[in-house]
Every structure is written in C-alpha cells, then in structure tokens.
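Reading through the structure tokens given below for one structure.
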Amino acid sequence: MRTQVAIIGAGPAGLLLGQLLHRHGIDNIIIEKHTPEHVLSRIRAGVIEQVAVDLIDEAGVGARMRRDGLVHHGTQFCVDGVRHRFDFRELTGKSVMVYGQTEITKDLMDGRAAAGLPTDYAAYDVALHNIFGAHPTVTYRGDGRSHQVECDFIAGCDGFHGVSRKSVPSGAIKTYERIYPFGWLGLLTDRPPVSDELIYVRHELGFALCSMRSPTRSRYYLQVSLADDINDWPDERFWDELRLRLDGKANADLVDGPALEKSIAPLRSFVAEPMRFGRLLLAGDAAHIVPPTGAKGLNLAASDVRYLSQALVERYKENSDIGLDHYSARALARVWKAERFSWWMTTLLHTFPDGQFEQKMQSAELDYLFKSRSAAAAFAENYVGLPF
Ligand code: FAD
Ligand code: PHB
C-alpha cells in the first residue's frame with residue numbers, strides 16, 4: 001500500500017493528525033497496536049485547553065464536546081484543610097473545558113470511520129524502515145497477513161512505550177528524565193462530583209485530586225506509594241483515605257460509589273530531543289511525558305499536532321519545507337514550558353519522602369501563590385494554556 005503520511009498510534013495525537021490531514025486532502029493511514037475497544041478503555045485526561053478545543057473543532061468532530069463538555073472558569077486548591085479559588089476568567093480572561101479523553105478519542109474514531117479513512121487496529125510487529133531515506137516504509141502483521149506501507153513521512157504518535165522513538169539510532173537522540181517517588185491511584189465512579197470545580201488537595205498524607213467527567217460521573221486521584229498494588233486498594237479503602245485528605249465541606253458533599261475503573265499510574269517527566277529524524281516526526285507522548293498534575297499531556301499532544309499538521313500542509317500545498325524544518329524547535333519550545341509547569345505543580349502539591357525543607361518551601365510558595373495576584377496570574381496563565 002502507498003500513502004502520503006503513515007501514522008503510528010490511534011491515541012489522541014494520531015487520530016487528530018489523521019483528521020486534520022484528511023481535511024486538507026492529505027492521504028494517511030493509521031496503524032494501531034490495540035483494538036478500538038482497548039484504546040477506549042483507558043481512562044486518562046479530563047481537562048483540555050482552548051488549543052485542543054479549537055483543533056477538535058477544526059477536525060470537524062467538536063459537536064458532542066460543545067454539547068456535553070463542561071466549561072470551567074476556575075479551579076480550587078485545598079491546602080491542609082483550607083480552600084483557595086483561582087478565577088481563570090478574572091486572572092487570564094480564559095477558561096478550560098472538562099471533557100474526557102475517552103470521549104475525544106471516540107469522537108475522532110467516529111469521524112474517521114464516517115470519512116472512510118483507513119485504520120489498521122490490532123497491528124503487531126510494527127517496524128519503521130529507511131526513516132532517513134526518501135522512501136520510508138512501515139511493516140506490520142495483522143489479520144493473519146504481513147503488510148507493507150510505503151509513504152513520504154511517518155508520524156510517530158504511538159505514546160511513551162511505542163516503537164517510533166525506539167527506531168531512532170541512539171546517537172541521534174538525547175533524552176531527559178525525572179521519575180517521581182510516587183504514583184496516582186485513579187477511580188472513576190457514576191456519582192455526581194463533590195464540587196462543580198476541580199479541587200487539587202495538598203495534605204500531609206499525600207496529594208489528592210477531585211475531578212469529573214460529567215455532572216453525574218466523577219474521577220478522583222490519590223497519591224500512593226509506587227510499591228502499592230491495585231489489589232491493596234478496595235473501593236472502601238480508597239474512599240476512607242480520600243476523606244482523610246479532604247476539608248470538612250468536601251467531606252460532607254462527597255458521594256462515594258462503586259469504581260467503574262481503578263488504576264495506578266507512575267509519574268514521570270521525560271523529553272526526547274529532537275522531535276524530527278529525517279522523515280520520522282514524533283508527536284505527543286512518543287516524544288515527551290509530563291506528570292498529570294498540570295493536566296498538560298493531551299494538550300501538548302494537541303499543540304504538537306497543530307505544528308505538525310500545518311508543516312505537512314505547507315509541504316504538500318505550498319511545496320515548502322520551512323514548517324517541517326522548524327517543527328522540532330517550535331514544538332519543543334512549548335513542550336519545555338509545559339514540562340516546567342507540570343514539574344512545578346507536582347513539586348508544590350505532593351508529599352515527598354524525607355523532605356522537611358521541601359515541605360517548608362511548599363508552604364512558602366503556596367502562601368505566596370494565595371496572596372500575590374501576579375503569582376496567581378502566572379499559575380492561571382499556564383494552567384489555561386500559554387499562547388502560541
Ligand atoms: P497515547 O494516548 O498513549 O496513544 C498512543 C497510541 O499508540 C495508543 O493507542 C497505543 O496503543 C498505540 N501504540 C503503542 N505502541 C504502538 C506500536 N508499537 N504500534 C502501533 N501503535 C502503538 N493530559 C491532559 O492534557 N489533561 C489531563 O487532565 C490529563 N490527565 C491524565 C491523567 C492520567 C492518570 C494519565 C495517565 C494521563 C493524563 N494526561 C492528561 C495525559 C494524556 O492522557 C496523554 O498525554 C495523552 O494520552 C497523549 O496522547 P498520545 O496520542 O500522544 O499518546
Ligand atoms: C482528570 O480528570 O483525569 C484530571 C484532571 C486534572 C488533572 C489530571 C487529571 O490535573
């Protein structure tokens with residue numbers, strides 16, 4: 001088979017890129033390791049910035065998000081039992097949208113199917129060839145057959161554990177990494193959220209987050225030890241521990257219920273440089289990971305796709321390579337700012353082992369954040385998404 005752009009991975013980055021390229025008349029195929037059901041079963045992001053909202057609209061699949069997404073004009077911190085609110089509208093004039101990654105993925109998959117675009121799910125042994133040559137290819141197995149796709153460009157949108165970044169010779173890539181000494185235990189339940197805004201909780205027992213997916217479905221997270229196993233956390237233990245970390249009002253308002261999904265995710269900061277290797281272009285988690293505290297991962301994937309789709313459109317419609325030549329530098333400039341913000345917010349709100357000095361620094365920083373309008377504005381500006 002021959003196409004213009006072979007996209008590896010049907011997560012938000014790959015699906016969004018495929019849809020945007022299609023709308024500009026650029027042929028693409030998506031090759032995905034898992035089944036659509038598996039892709040949709042992963043519960044991840046919940047908060048999306050204007051950049052992602054705009055791209056989803058541009059991809060032509062924004063109708064359900066516009067109808068069901070919840071616009072949030074602020075967020076709350078609860079520090080040692082005391083609540084503080086940041087008003088995004090007043091501080092930045094902007095807001096964020098709460099709409100689950102699962103729903104975005106579903107809307108993009110439906111849009112792709114309606115347009116009749118090729119997607120090979122359950123593909124295994126995916127391999128990239130000749131990325132530095134003029135004619136790269138992708139081979140894989142699926143449906144009991146071997147497949148080969150010839151293309152002009154390969155978009156590596158296959159997440160942190162994917163094959164794309166690993167196909168690059170080690171001398172051509174530099175990576176930066178920080179692994180945090182804790183994980184997030186997430187629980188999804190069909191109960192109304194405890195608050196109509198997200199609550200980020202700093203408590204000596206550990207960080208907690210009260211989030212949501214809809215007026216009737218909530219998502220909660222607890223900072224847990226990396227040694228913990230999901231079987232250590234029956235639902236009752238989760239709710240008991242969450243209550244210990246919340247303030248009195250949240251405790252009174254919290255409605256617990258059975259878990260629809262429960263999982264533990266490690267926290268990591270990671271960046272690979274550059275993001276282009278010949279005709280292979282990385283986007284999203286394939287190139288960088290942020291700890292989820294700042295709600296930036298999916299948003300960064302969307303901002304990479306914005307730069308990459310524009311660069312490919314310039315290549316095919318204007319015969320210009322300028323966008324492709326600048327893709328890595330442009331994307332990384334935004335990536336590092338989101339890395340900084342996510343690392344800062346993680347450091348500010350979590351409990352670290354043996355960190356008495358760090359705890360004092362957290363308290364001083366939080367006090368400053370709550371009392372200084374400039375500090376609050378800097379937080380809000382980053383949270384709602386920096387301008388392009
Ligand atoms: P992925 O979603 O990982 O998609 C990659 C795809 O590639 C997958 O479908 C995978 O199956 C496929 N693949 C892997 N290997 C191969 C292979 N060899 N061949 C073919 N296909 C392959 N971000 C936010 O912006 N806001 C939030 O509120 C937020 N909350 C989060 C909460 C949690 C608990 C977690 C874990 C993450 C959160 N994120 C958040 C991050 C966000 O979910 C990710 O950044 C986002 O999924 C990245 O999208 P992606 O398409 O780059 O990668
Ligand atoms: C979520 O709802 O899953 C979520 C929200 C905000 C975050 C991280 C995760 O910072």
Side-chain angles (χ1 to χ4, degrees), residues 6-18 30-36 38-49 51-52 70 72 75 96-102 104-105 108-109 119-128 138-142 154-167 183-188 193 197-200 207 209-214 217-221 261 263-268 270 282-305 338 341-342 345-346 349 383 385:
I7 300 173
I8 318 293
L15 287 164
L16 199 50
L17 180 65
I30 298 185
I31 301 153
E32 161 63 48
K33 181 180 179 178
H34 291 290
T35 62
H38 178 92
V39 173
L40 288 172
S41 72
R42 296 182 300 219
I43 307 296
R44 289 160 133 206
V47 176
I48 52 176
E49 297 172 5
V51 48
L70 307 170
H72 280 209
T75 196
V96 292
M97 174 85 86
V98 172
Y99 188 63
Q101 177 167 335
T102 314
I104 296 173
T105 308
L108 285 162
M109 281 179 174
T119 315
D120 258 352
Y121 286 100
Y124 60 96
D125 289 346
V126 177
L128 283 52
V138 180
T139 55
Y140 56 100
R141 298 181 59 78
I154 302 174
C157 302
D158 47 352
F160 182 68
H161 298 288
V163 66
S164 299
R165 192 183 66 253
K166 291 177 192 147
S167 307
W184 274 23
L185 167 64
L187 182 150
L188 185 74
E197 291 182 337
L198 269 64
I199 310 176
Y200 288 87
F207 169 82
L209 171 60
C210 306
S211 183
M212 67 193 74
R213 289 293 176 272
S214 75
R217 181 171 283 192
S218 39
R219 177 75 166 158
Y220 296 97
Y221 295 98
E261 190 267 359
S263 52
I264 297 181
L267 268 70
R268 182 196 303 270
F270 174 89
L282 302 180
D285 279 15
H288 41 72
I289 294 284
V290 286
T293 327
K296 287 282 166 264
L298 172 59
N299 293 305
L300 270 189
S303 90
D304 289 352
V305 165
F341 177 68
S342 304
M345 215 173 143
T346 303
L349 294 171
Y383 192 89

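Counting begins at 1 with the first residue of the sequence. In each ligand, atom 1 is the first atom listed, and ligand 1 is the first ligand listed.
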- Item | Single hit among S303, S342, P291 for side-chain contact (heavy atoms from CB on, under 4.5 Å) with K296 | S342

- Message: Looking at every non-hydrogen atom in both residues, tell me the closest pair between D285 and G297 and how far apart they are.
- Response: OD1-O, 4.4 Å

- Option whose closest heavy atom lies nearest to atom 42 (C) of ligand 1, chosen from H34, Q101, R42, R268: Q101

- Just jot down the ligand 1 atoms closer than 4.0 angstrom to any heavy atom of G159, in number order. 3 (O), 5 (C), 53 (O)

- Message: Is there a side-chain contact between L188 and R217 in this structure, where contact means two heavy atoms from C-beta onward sitting under 4.5 Å apart?
- Response: yes

- Item | Which residue and heavy atom of the protein sit nearest atom 3 (O) of ligand 2, plus the separation | Y221 OH, 2.6 Å

- Compare all side-chain heavy atoms of I104 with those of L108 and state whether any distance is below 4.5 angstrom. yes

- Message: Show the atoms of ligand 2 that are less than 4.0 angstrom away from any heavy atom in Y200.
- Response: 6 (C), 7 (C), 10 (O)

- Message: Considering non-hydrogen atoms of the protein only, which is the closest contact for atom 28 (O) of ligand 1, and what is the distance?
- Response: G46 N, 3.1 Å

- Task: For G162, take its heavy atoms, then give the atoms of ligand 1 lying under 4.0 Å from any of them.
- Result: 15 (N)

- Looking only at heavy atoms, is any part of R44 under 4.0 Å from ligand 2, and if so is it the side chain, the backbone, or both, or is it neither? backbone

- Note on the structure: Y99 meets the ring-ring contact (aromatic ring centres under 6.0 Å, His included) criterion, sequence neighbours left out, with none

- Which part of L198 is near ligand 2, with near meaning a heavy atom under 4.0 Å away: side chain, backbone, both or neither? side chain

- Item | Element-labelled atoms of ligand 2 that are located less than 4.0 Å from some non-hydrogen atom of V47 | 5 (C), 6 (C)

- Candidates H161, K33, R44, E49; heavy atom nearest atom 35 (C) of ligand 1 found on R44

- Does R213 reach the main-chain N or O of G100 with its side chain, forming a donor-acceptor pair under 3.5 Å? no

- Note on the structure: Any heavy atom of L209 under 4.0 Å from ligand 2? The part involved is side chain

- Task: Compare G11, G284, P12 and give the one whose heavy atom is closest to atom 49 (O) of ligand 1.
- Result: P12

- Measure the acute angle between the ring planes of Y383 and Y200, then classify it against the limits of 30° and 60° as parallel, tilted or perpendicular. perpendicular

- Message: Do V138 and I154 have side chains that approach each other closer than 4.5 Å (heavy atoms only, starting at C-beta)?
- Response: yes

- Message: List ligand 1 atoms under 4.0 Å from N299, heavy atoms only on the residue side.
- Response: 25 (O)

- Query: What about Y124 and Y140, are their ring centers closer than 6.0 Å?
  - Reply: no

- Query: Would one find an N or O of P292, backbone or side chain, under 3.5 Å from an N or O of ligand 2?
  - Reply: yes

- Query: What about R219: any of its N or O atoms under 3.5 Å from an N or O on ligand 2?
  - Reply: no

- Measure S211 to ligand 2 on non-hydrogen atoms and call it side chain, backbone, both or neither using the 4.0 Å cut-off. side chain

- Note on the structure: For T293, the ligand 2 atoms with a heavy-atom partner under 4.0 Å come out as 10 (O)

- Among all protein non-hydrogen atoms, which one is nearest to atom 51 (O) of ligand 1, and what is the separation to 0.1 Å? A13 N, 2.9 Å

- State, with a plain yes or no, whether a side-chain heavy atom of R219 is found less than 4.5 Å away from one of E261. yes

- Task: Please state which part of I8 comes within less than 4.0 Å of ligand 1, counting heavy atoms only: side chain, backbone, both or neither.
- Result: side chain

- Query: Less than 4.5 Å apart, any side-chain heavy atom of I199 and any of L209?
  - Reply: no

- Query: Is the side chain of E32 donor-acceptor paired with the backbone N or O of Y121 at a distance under 3.5 Å, no angle test?
  - Reply: no

- Item | Residues that T346 engages under side-chain hydrogen bond (donor to acceptor under 3.5 Å, both in side chains), provided they are two or more places apart | T293

- Tell me, please: is Y221 in heavy-atom contact with ligand 1, that is, under 4.0 Å? yes

- Task: Over all heavy atoms of both residues, which pair between A52 and N299 is shortest? Give the atoms and the distance, please.
- Result: CB-OD1, 3.7 Å

- Return yes or no for this condition: an N or O of L298 is under 3.5 Å from an N or O of ligand 1. yes

- Query: Backbone or side chain, does any N or O of A265 fall under 3.5 Å from an N or O of ligand 1?
  - Reply: no

- Message: Quick check on contacts: which atoms of ligand 1 are under 4.0 angstrom from a heavy atom of K296?
- Response: 24 (C), 25 (O)

- Message: Tell me the contacting part of I31 for ligand 1: side chain, backbone, both, or neither, using a 4.0 Å heavy-atom threshold, strictly below.
- Response: backbone

- Query: Taking the side chain as C-beta and beyond, is there a heavy-atom pair between R42 and T102 under 4.5 Å?
  - Reply: no

- Item | Contacting atoms of ligand 1, where contact means under 4.0 angstrom from a heavy atom of V163 | 18 (N)

- For atom 11 (O) of ligand 1, the closest protein heavy atom turns out to be E32 OE2, 2.6 Å

- Message: Is there a polar contact, in the sense of an N or O pair closer than 3.5 Å, between G297 and ligand 1?
- Response: yes

- Task: Would you indicate whether the side-chain heavy atoms of D158 and V126 approach each other to under 4.5 Å?
- Result: no

- Note on the structure: atom 14 (C) of ligand 1: closest protein heavy atom, distance to 0.1 Å, is D158 O, 3.2 Å

- Message: Just to confirm my output: which protein heavy-atom neighbour is closest to atom 30 (N) of ligand 1, and how far is it?
- Response: A45 CA, 3.2 Å

- Does the N or O separation between D285 and ligand 1 drop below 3.5 Å for any pair? yes

- Message: If you measure every N or O of F160 against every N or O of ligand 1, does any of those distances drop under 3.5 Å?
- Response: no

- Note on the structure: Atoms of ligand 1 under 4.0 Å from any heavy atom of V47, numbered from 1 in the order shown, are 25 (O), 26 (N), 28 (O)

- Side chains of T119 and M109 in contact at under 4.5 Å (non-hydrogen atoms): no

- Message: Quick check on contacts: which atoms of ligand 1 are under 4.0 angstrom from a heavy atom of V126?
- Response: 19 (N)

- Does ligand 2 have an atom under 4.0 Å from some heavy atom of R213? yes

- Query: What is the minimum heavy-atom distance between R44 and Y221, and which atoms define it?
  - Reply: O-OH, 3.7 Å

- Query: For ligand 1, is there an atom lying under 4.0 Å from some heavy atom of C157?
  - Reply: yes

- Query: Do the side chain of R165 and the main chain of F160 share a donor and acceptor less than 3.5 angstrom apart?
  - Reply: yes

- Using a 4.0 Å heavy-atom cut-off, say whether W184 meets ligand 2 through its side chain, its backbone, both or neither. side chain

